[in-house]
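Computed over heavy atoms, backbone and side chain alike; hydrogens, waters and symmetry mates excluded. Atoms within a ligand are numbered from 1 in the order they appear, just like the ligands themselves.
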Amino acid sequence: MGQRFYSTNSPGDFVELKEAVLRSLPADNGLYMPETIPTLDADFWSSWREWSFAELGYQIVSPLFAGAVPEETLREMVSEAVNFDAPLVKIGERMHVLELFHGPSLAFKDFGARFMARLMGWLTWEDERELTVLVATSGDTGGAVASAFHQVPGTQVVVLYPRGKVSDLQEKQLTTLGGNITALEVEGTFDDCQRLVKAAFLDRELAERRNLTSANSINIARLVPQTFYFFHAARQLPEGRAVVFVVPSGNFGNLTAGLLARRMGLPVKQFIAATNVNDVVPAYLESGNYEPRASVATISNAMDVGAPSNFARMLELHGQEHGEMTRRMVGYRFDDEQTRAAIREVKVSTNYVIEPHGAVGYLAAEEWRVAHPEDEMVILETAHPSKFLDVMEEELGEGAIDIPERLACLAKREKVAVAMPPEEAAFLAWLR
Ligand SMILES: *Cc1c(COP(=O)(O)O)cnc(C)c1O
């Protein structure tokens, strides 16, 4: 039977991997967690520096999913999902950037989405009916999910995005793949897109008939592969140094994956939660009061989150105790003006081009370093600067950013999208 999963709201009830992944969100609105978090053994630590990145990932996920997926299948899944690198770039004395944007959609979400797509494909391989994956996106998630599921047999993907509210290149990432990927251009906001998706799941008969599943960011299958690159970063540093990870955060999936990596045995001195003015978690760390609120728009817009969806997992990983969390994590927040200044400063002082999310991380790293000059700092760079071209050119000048070929070539492709009014009835009828 192998590893099982429970909801943070019902610690005594367990489900198997297939249910945790295909359900995504437990019925009680908690979040799925593995029953056992294994500690990596001496065999792992004697070889971890030598393996390829994909093999390292397999060696981490194998004990986590023990018995739930055949070993060779799992190894193959990881090697297909992690087919690009996450290099650690030194930008100053004891200051490093972990580049997580070398995948097809140029953001770290490729790691989670590519692994989840293959796992879902395998879990439903013997089911007679096709799986329909619904995803609402405000930008980065849709591109990663569409690219990850493209041509995965037995799956259909429906991406809902708000008309005129994603960047041109983001829209091309959703609307030019074709095949099993259908883009719905919703005449409304991101919230409307989410509401339509929710309505489809609430229609039990439709959800059953179309075999609906969700690819949203709280899926446990997206979280697990995000642990890989914390190990990969640590092994690129000199041995025996204290590592501090600075994680630019919105829904806190990345930071939660880091905490999971530490629970599996990765030596980490400290995690730093870096946010923009949407600072619910830094405020919680300071006051002990968790107060979600409406989000505020910023230039680091993938972190504009007012109710971080992984908060329940972070609490669970700290024994539900505020005091425990404050001993292990510290939070800093920065506004847009500081972020813009940091983009310029990093360029001038190190010649590195850092995008707005990474720049928030850089500010947090500098703040921590004042009192801890000996620590090795690793800042997660969550996306490629070309995804935020407007802001980057405002700060560094026109032409300062190289657009990678895989993004540039999308500009020439033709957009294909289905226009959809923001009404539930219309969407449900279309799905039927
Ligand atoms: C999704 C995203 C984030 C936020 O990550 P979380 O895991 O939700 O905290 C940060 N930066 C970029 C570029 C993203 O796309």
Any nitrogen or oxygen of Phe252 lying under 3.5 Å from a nitrogen or oxygen in ligand 1? Just yes or no. yes

Which protein heavy atom lies closest to atom 3 (C) of ligand 1, and at what distance to 0.1 Å? Phe108 CE2, 3.6 Å

Take the angle between the ring planes of Tyr290 and Phe311 and call it parallel below 30°, perpendicular above 60°, tilted in between. parallel

With a 4.0 Å cut-off, would you call Glu185 and Lys415 a salt bridge? yes

Interatomic distance, Lys347 atom NZ to Ile91 atom CD1 [nearest 0.5 angstrom]: 12.5 Å

Under-4.0 Å salt bridge between Glu366 and Arg369: yes

Which atoms from ligand 1 have a heavy atom of Lys109 less than 4.0 Å away? 1 (C), 2 (C), 3 (C), 14 (C), 15 (O)

If you count the atoms of ligand 1 from 1 in the order shown, which ones are under 4.0 Å from a heavy atom of Ala383? 13 (C)

Geometric N/O contact Pro248 with ligand 1, under 3.5 angstrom: no

Heavy atoms only, cut-off 4.0 Å: how does Asp140 contact ligand 1, side chain, backbone, both, or neither? side chain

Which heavy atom of the protein is the closest neighbour of atom 8 (O) of ligand 1, given with residue, atom name and distance? Asn251 N, 2.9 Å

Does any N or O atom in Gln226 lie less than 3.5 angstrom from one in ligand 1, N or O only? no

Considering distance alone, does some N or O of Met303 sit under 3.5 Å from an N or O of ligand 1? no

Parallel, tilted or perpendicular: which describes the rings of Trp45 and Trp48, with under 30° parallel and over 60° perpendicular? perpendicular

Starting from atom 12 (C) of ligand 1, find the nearest protein heavy-atom neighbour and note its residue, name and distance. Thr382 OG1, 3.4 Å

More than 12 non-hydrogen atoms from neighbouring residues, nucleotides or ligands closer than 6.0 Å to CD on Glu76, yes or no? no

For Ser249, the ligand 1 atoms whose distance to one of its heavy atoms is below 4.0 Å: 9 (O)

Under a 4.0 Å threshold between the charged nitrogen and the carboxylate oxygen, would Glu16 count as salt-bridged to Arg4? no

Got a sec: does the CG of Asp28 have more than 12 other heavy atoms crowding it under 6.0 Å? yes

